[in-house]
Asker: 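Supplied in structure tokens, the structure appears directly below.
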Amino acid sequence: DCRNCAARSGRGSPFHSLAAMNLRLIILLLVSVPMTAFGGDFERDFTVVFITQATEAKYGRFPFDRSLVAQAVEQAADAGAKGVILKFFLDRQSKTAEGDRRLATALSRVPVLLQARLDDSEKAPNSLEGRFTLPGASFKTAVSGSSGWIPLPEFSRRAHDVCFVDFDSSPAPIVEKYQDKTVKSLLACAVELAVGHKAVIRPVKDISIAGQTAFLDSLNRVTITLRHEKALATFDFNSLLDGSIPPSALRNKVVVIGYDGPSIPQVSSPVGTMGAHRLFVLMLKEYYESMIPNKAVATDAPKAVPRR
């Protein structure tokens, strides 16, 4: 069931409109997490946890009782995580009301990003709170929709942010449109959660955060070049629940919890075919580490982006 495991298709988004300057719209998003020096080291700032075949062998086929997801969020909070990203959809009630209640409570323990996606075939979408949109912001976007998979209200109320995941290739959107409102992509939200700084977007030019910049194209997307590199370090969901992940791997980090079991849709990429959530993590890593210092950015025209 891709509502619970997959982020597919091609779209994304970011921040809050505060000022206009030199005929350019500048958008700022303030995040309520501690500020961190931004050096673009993904494995220093993020920890990736996957629900795998081993998890399903122990707890049953995913999606399982949401009390287990709640326990994972609680473990991350107890370890001092900076935040959590849940890489599956929470737009429908689960089989157990108690599991939903426990997860809703757990979302108040630590800043949590929830994902949403566009789907115009969805007949009765949950409402999207205004705080997850960018009032007054006007962007050209690659994708837009009038309906979608929006988290249940009891989860949204406690979420740090709700961000859209309509992309599985480059260029990836930083903003998209939902019901004619500008919304953020999970790529944008994840970086802000990790560094805790203001983000600034100059439409059709660049996005800057904590002194680092990435260029945007005419539809406000970032180009992400995936590279064959060493395997990304990840942990199994079981180890998060049983407390065997070293505390240092969780403390002051953003913990990405996704699904990489046998039911995940497989996506072709320049570095091979893989599960949709693993591909998201690789795209996030590359985006995070390829931003360049603001002082190296030309006034208008993009230059080649040096590899960190």
Side-chain angles (χ1 to χ4, degrees), residues 9-31 35-42 45 113 118 132-145 161 163-178 180-227 280 283-308:
S9 168
R11 322 150 201 185
S13 50
F15 325 109
H16 267 284
S17 177
L18 299 179
M21 180 183 299
N22 298 329
L23 302 180
R24 294 172 178 151
L25 177 65
I26 296 180
I27 296 171
L28 302 175
L29 176 66
L30 299 176
V31 292
M35 291 190 176
T36 300
F38 181 23
D41 184 337
F42 182 85
D45 299 331
L113 302 184
L118 302 176
F132 302 133
T133 67
L134 308 179
S138 179
F139 291 92
K140 292 181 179 180
T141 62
V143 290
S144 62
D161 213 338
C163 315
F164 284 67
V165 292
D166 299 283
F167 57 88
D168 61 10
S169 62
S170 177
I174 288 298
V175 289
E176 60 183 275
K177 288 290 182 65
Y178 177 70
D180 293 323
K181 296 180 176 63
T182 305
V183 290
K184 300 173 289 182
S185 79
L186 191 54
L187 287 175
C189 295
V191 174
E192 292 192 322
L193 182 59
V195 304
H197 283 259
K198 299 176 183 180
V200 178
I201 301 178
R202 297 190 301 169
V204 194
K205 290 190 178 294
D206 51 46
I207 173 173
S208 298
I209 181 168
Q212 306 291 114
T213 293
F215 296 111
L216 301 177
D217 69 8
S218 61
L219 294 174
N220 295 296
R221 301 173 298 182
V222 291
T223 297
I224 299 174
T225 303
L226 297 179
R227 306 166 194 268
F280 167 80
M283 292 180 71
L284 174 59
K285 179 180 185 295
E286 189 63 37
Y287 168 55
Y288 192 67
E289 295 186 346
S290 65
M291 298 182 82
I292 63 174
N294 286 353
K295 63 183 179 181
V297 177
T299 304
D300 290 308
K303 294 182 179 179
V305 179
R307 178 71 175 158
R308 280 190 170 273

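Computation of the quantities below employed the complete heavy-atom set of this structure, encompassing side-chain atoms and omitting hydrogens, waters and symmetry-equivalent molecules. Position 1 is the first residue of the sequence; numbering continues from there.
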Asker: Would you sort out whether L216 and R221 count as a side chain to side chain contact (heavy atoms under 4.5 Å, CB included), showing the intermediate values?
Answerer: CA-CA 5 Å; L216 301 177; R221 301 173 298 182; over 6 Å; no
Asker: First locate atom NZ of K181, then atom CZ of F132, and finally report the distance between them rounded to the nearest 0.5 Å.
Answerer: 14.0 Å
Asker: Would you give the length of the straight line joining atom CE of M283 to atom CG of D168, rounded to the nearest 0.5 angstrom?
Answerer: 7.5 Å
Asker: When the ring planes of F280 and F167 are compared, do they come out parallel, tilted or perpendicular, using 30° and 60° as the limits?
Answerer: tilted
Asker: Would you call T182 and T133 a side-chain contact if the rule is heavy atoms closer than 4.5 Å?
Answerer: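 Result no, sub-4.5 Å side-chain heavy-atom pair not found.
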Asker: Using a 4.5 Å cut-off on heavy atoms from C-beta on, say whether the side chain of M291 contacts that of I209.
Answerer: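 Yes; the side chains approach each other to less than 4.5 Å.
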Asker: Using every non-hydrogen atom in the two residues, find where A172 and L187 come nearest and quote the distance to one decimal.
Answerer: CB-CD1, 3.7 Å
Asker: Which heavy atom of L226 sits nearest to which heavy atom of E286, and what is that distance?
Answerer: CD2-CB, 4.4 Å
Asker: Do the side chains of F164 and V143 get nearer than 4.5 Å, heavy atoms only?
Answerer: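 No, their side chains stay 4.5 Å or more apart.
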Asker: Does S170 use its side chain to pair, donor to acceptor, with the backbone of I224 at less than 3.5 Å?
Answerer: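 Looks like yes, one N/O pair under 3.5 Å.
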Asker: Report the distance from atom NZ of K285 to atom OG of S290, rounding to the nearest 0.5 Å.
Answerer: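 If I round to the nearest 0.5 Å, the distance is 10.0 Å.
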Asker: Within the 4.5 Å heavy-atom criterion, are E176 and S144 side-chain neighbours or not?
Answerer: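 A side-chain contact under 4.5 Å is absent here.
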Asker: In Å, rounded to the nearest 0.5 Å, how long is the span from CD of Q212 to CD1 of I207?
Answerer: 12.0 Å
Asker: With sequence neighbours excluded, what pairs up with K140 under the side chain to side chain contact (heavy atoms under 4.5 Å, CB included) test?
Answerer: L219, N220
Asker: Please walk me through it: do T223 and F215 pass side chain to side chain contact (heavy atoms under 4.5 Å, CB included)?
Answerer: CA-CA 8 Å; T223 297; F215 296 111; over 6 Å; no
